[in-house]
Asker: 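I'd like to ask some things about the structure below.
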Number of protein chains: 2
Amino acid sequence: MAREIKLKLAPALKASCHTCSLSNLCLPLAVEENQLDRLEDIVEQGHIYNRGEHIFDQDTPFRSCLAVRSGAVKTSIITENGSEQVTGFFLPGELIGLDSLGGERYACTAKALERTSVCKFPTEKLEELTRAMPELQHHMYQLMSREIQGSHQLAMLLSKNSAEERIAALLLSLSSRFQRRRMSGTKFSLPMARSDIANFLGLAVETVSRVFTRFQNQGIIRTQGREVELLDMETLRGAIPESNRQSSRARP
Amino acid sequence: MAREIKLKLAPALKASCHTCSLSNLCLPLAVEENQLDRLEDIVEQGHIYNRGEHIFDQDTPFRSCLAVRSGAVKTSIITENGSEQVTGFFLPGELIGLDSLGGERYACTAKALERTSVCKFPTEKLEELTRAMPELQHHMYQLMSREIQGSHQLAMLLSKNSAEERIAALLLSLSSRFQRRRMSGTKFSLPMARSDIANFLGLAVETVSRVFTRFQNQGIIRTQGREVELLDMETLRGAIPESNRQSSRARP
DNA sequence: TACCCATATTGATTCCTGTCAAGCTTGTAC
DNA sequence: GTACAAGCTTGACAGGAATCAATATGGGTA
C-alpha cells in the first residue's frame with residue numbers, strides 16, 4: 001500500500017522540464033524547446049517514494065505513465081499462484097508504464113528500489129497531447145517499440161545464453177545506462193538485490209552469487225555487497241556473444 | 001530477397017475493410033463504421049507471399065505495419081553472429097511491425113510460413129491517421145502495450161517453466177487464437193516447423209520432439225506431423241502453472 | 001554496542017535438457 | 001516411380017544450473 005508522500009513545492013521551486021537535467025533523456029527529448037510548456041502543463045512532479053514502497057500495483061486502475069527523476073525502480077508481474085517475474089529496472093530519465101498504455105489497469109507492479117522521485121504523466125492528457133504533437137507521438141511509438149525489442153532481446157538472452165553471459169549482459173547494460181547519466185560506467189552501486197537480478201535473469205539466487213564470485217576470482221569485476229567495479233570490460237563483453245550488446249532499455 | 005507478387009485487383013474486387021471477415025479482430029475493430037473509409041484510404045491490400053518468402057527484412061527501411069489476412073507469419077531477429085531468435089507467430093487479423101513503429105528500420109525479419117496474404121499500413125499515413133482518430137491511436141497504444149506484456153509473459157515462460165510447460169502454453173495459445181478465428185480450437189495444423197517452435201521456446205528441436213511424443217503417449221494430444229489434436233485440454237492447462245494462460249498475442 | 005533478521009555466500013547433490021549420433025518419414029523434383 | 005534432401009524422431013550421454021542445506025555478512029534498531 002504505497003504510503004505516498006507528496007511534497008508541496010513552492011511555485012519558485014517547481015522544477016520544470018525546462019531546467020530538468022534529464023531533459024535530454026526523458027520525454028522532453030522529443031519536444032521543441034518552445035513547446036515544452038505543454039508537457040509541463042500535464043506533468044505532476046515531486047512524487048517521492050521510500051525504498052520498498054509501491055509506486056503502483058498491478059491490476060489497479062491505470063492512471064499515468066511515469067518518469068524516474070532520481071533513484072531506481074523495479075517492475076514485476078505477479079501471477080495468481082504468487083510467483084513473481086521481474087520485468088525491468090528503471091533509472092532516471094526512463095519511462096515506466098508503457099506496458100499498460102492504452103489499457104484500463106496497470107499490467108505490472110512498480111516498486112522503489114531506493115528513495116525515488118518520479119514525474120507522472122496522466123494517461124488521458126498524455127494521449128491527448130501526443131495527438132496534438134506529432135513528434136511526441138512518434139517518440140512514444142518509438143519508446144514502446146524499443147520496449148518490445150528490449151523484451152525480445154531479453155527472451156533471447158534467457159533462452160540462448162548461460163548464467164555468466166546473462167549476468168555479464170546485465171552488468172554491461174547498467175554500465176552504459178549509468179554512463180549516459182554522467183555517472184561512472186565502471187564503478188557503481190547496484191540498486192537491486194541479488195534475488196531481483198536472479199529473478200529478472202531467470203536464475204537461482206545461488207547461481208547469481210556464484211557467478212559474481214567467479215567473475216571476481218577471474219579479476220573481471222570487484223564486488224563488495226552491492227558495490228561493483230568492472231575491471232575488465234573487454235572480457236565482460238566477450239562473455240556475451242556480441243548480440244545482446246546494447247543498453248537494453250530506452251536509448252534516447 | 002522477398003520476391004513479392006503484387007496482385008492487380010479490379011476495383012470491384014478490391015476487398016474493403018468494410019467487408020473483411022477479420023474486421024472484428026484487425027484494426028477496423030477500433031474504428032467506427034462510418035470512419036472505416038479513412039482506414040481503407042491508407043491500406044494496401046492484396047500482397048501475396050509464398051511459403052518461405054520474406055515479407056520484410058531486419059534493418060531495411062521501415063515502411064509499414066501489416067496485418068495478416070490469410071496464412072501465417074513468423075518473425076525473428078538475427079544477430080551478427082548469425083543466430084536466430086523467433087520472436088512471434090502471427091495469424092490472420094494480427095498486426096506485424098509494432099516492434100519497429102517509430103523507428104527507421106525493421107527490427108526483425110518476417111517470413112511467410114505458408115502462402116500468405118497481408119494488408120499493409122504505411123507508417124507515415126498510419127501515424128497521421130492515429131493523430132486524427134483518438135480511438136485508433138488508443139487502440140495502437142493498446143496493441144503495443146499488449147505486445148510488451150506478451151513478451152514479458154514469454155520471458156517468464158522461458159525463465160520459470162519446463163519444456164513441457166512451455167509447449168503446453170504454446171499449444172493452448174494457438175488453440176485459443178484459432179478458435180477466435182472460428183476454426184477448431186482442438187484440431188488444427190501447426191503452421192511452423194518443430195525447429196521454429198524450439199527456437200521460439202528456447203529449446204532444442206529434439207526436446208520439442210520428445211515432449212510431443214510424451215504428450216501423445218499420455219493421451220493428452222495426438223500428432224501426425226504438423227497436424228495436432230488436443231485431446232485433454234484440462235491436463236494441458238494443468239501442465240502450465242495457471243499463469244501464462246492467456247492467448248499470449250493481441251487479444252482484440 | 002549488541003542483537004536480529006534479511007540478504008548473501010558456499011558446498012553437495014540431483015536432474016532436466018542440450019549435444020552428438022543415428023535412423024526414419026515426408027514431400028518434392030527429376 | 002524413384003531418389004534425394006529436409007524435417008522429424010529416438011537413443012545415449014554429459015553438463016550446467018536448480019535444489020537443499022548450512023553458514024556468513026551486514027544494515028537497521030533498541
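Lettering follows sequence order; numbering is per chain, from 1.
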Asker: A:Arg214 near the nucleic acid: base, sugar-phosphate alone, or nothing, with a heavy-atom cut-off under 4.0 Å?
Answerer: nothing
Asker: Quick one: which residue pairs count as a side chain to side chain donor-acceptor pair (under 3.5 Å) with a foot in residues 205-214 of chain A, not counting sequence neighbours?
Answerer: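 Of all non-adjacent pairs touching residues 205-214 of chain A, those that pass side chain to side chain donor-acceptor pair (under 3.5 Å) are A:Glu164-A:Arg214.
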Asker: Would you indicate what B:Gly202 reaches in the nucleic acid, counting non-hydrogen atoms under 4.0 angstrom: base, sugar-phosphate, or nothing?
Answerer: sugar-phosphate
Asker: Got a salt bridge between B:Arg222 and B:Glu227, using NZ or NE/NH1/NH2 to carboxylate O under 4.0 Å?
Answerer: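 Salt bridge between B:Arg222 and B:Glu227, a charged N being under 4.0 Å from a carboxylate O: no.
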Asker: Looking at B:Arg63 and B:Glu44, does any basic side-chain N land under 4.0 Å from a carboxylate oxygen?
Answerer: no
Asker: If you assign each of A:Ala204 and B:Arg226 to its closest nucleotide in DNA chain D, which residue comes earlier from the 5' end?
Answerer: B:Arg226
Asker: With sequence neighbours excluded, what pairs up with A:Arg51 under the side-chain contact (heavy atoms from CB on, under 4.5 Å) test?
Answerer: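 Testing A:Arg51 for side-chain contact (heavy atoms from CB on, under 4.5 Å), a comparison that skips the adjacent residues, returns A:Arg226.
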Asker: Would you mind reading off the distance between A:Ile197 atom CD1 and C:dA8 atom C1', rounded to a whole angstrom?
Answerer: 11 Å
Asker: Whole angstrom is fine here: how far is it from CG in A:Asn199 over to P in C:dA8?
Answerer: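 My rounded result for the distance is 13 Å.
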Asker: Can you give me the N/O atom pairs linking the protein to nucleotides 10-16 of chain C at distances under 3.5 Å, or say none if there are none?
Answerer:
residue: C:dT10; atom: OP2; partner: A:Thr213; partner atom: OG1; Å: 3.4
residue: C:dG11; atom: N7; partner: A:Arg210; partner atom: NH1; Å: 2.9
residue: C:dG11; atom: O6; partner: A:Arg210; partner atom: NH2; Å: 3.4

Asker: For A:Gln179, what residues pass the side-chain contact (heavy atoms from CB on, under 4.5 Å) criterion, not counting sequence neighbours?
Answerer: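 Applying side-chain contact (heavy atoms from CB on, under 4.5 Å) to A:Gln179 gives none.
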Asker: Round to a whole Å and report the spacing from CG of A:Leu158 to P of C:dT17.
Answerer: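 Distance, rounded to whole Å: 15 Å.
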Asker: Can you tell me how far NZ of A:Lys160 sits from CG of B:Leu158, rounded to the nearest 0.5 angstrom?
Answerer: 9.0 Å
Asker: Under a criterion of less than 4.0 angstrom to any heavy atom of chain A, what are the 5'-terminal and 3'-terminal contacting nucleotides of DNA chain D?
Answerer: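 Footprint of chain A along DNA chain D, 5' to 3': D:dA17 to D:dG26.
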Asker: With a 4.0 Å cut-off, would you call B:Arg181 and B:Glu94 a salt bridge?
Answerer: yes
Asker: Round to a whole Å and report the spacing from CD1 of A:Ile167 to P of C:dT9.
Answerer: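 It works out to 10 Å between those atoms.
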Asker: So do the side chains of B:Thr87 and B:Ile77 get within less than 4.5 Å of each other, counting heavy atoms only?
Answerer: yes
Asker: What residues, two or more places apart in sequence or in another chain, satisfy salt bridge (charged side-chain N to carboxylate O under 4.0 Å, His left out) together with A:Arg105?
Answerer: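 Not a single residue meets the salt bridge (charged side-chain N to carboxylate O under 4.0 Å, His left out) criterion with A:Arg105.
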Asker: Base, sugar-phosphate alone, or nothing: which one does A:Gln216 contact when heavy atoms must sit under 4.0 Å apart?
Answerer: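 No contact at all - A:Gln216 keeps every heavy atom at 4.0 Å or more from the nucleic acid.
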Asker: Within this structure, what is the CZ-to-C1' distance between A:Arg51 and C:dA6, rounded to whole angstrom?
Answerer: 10 Å
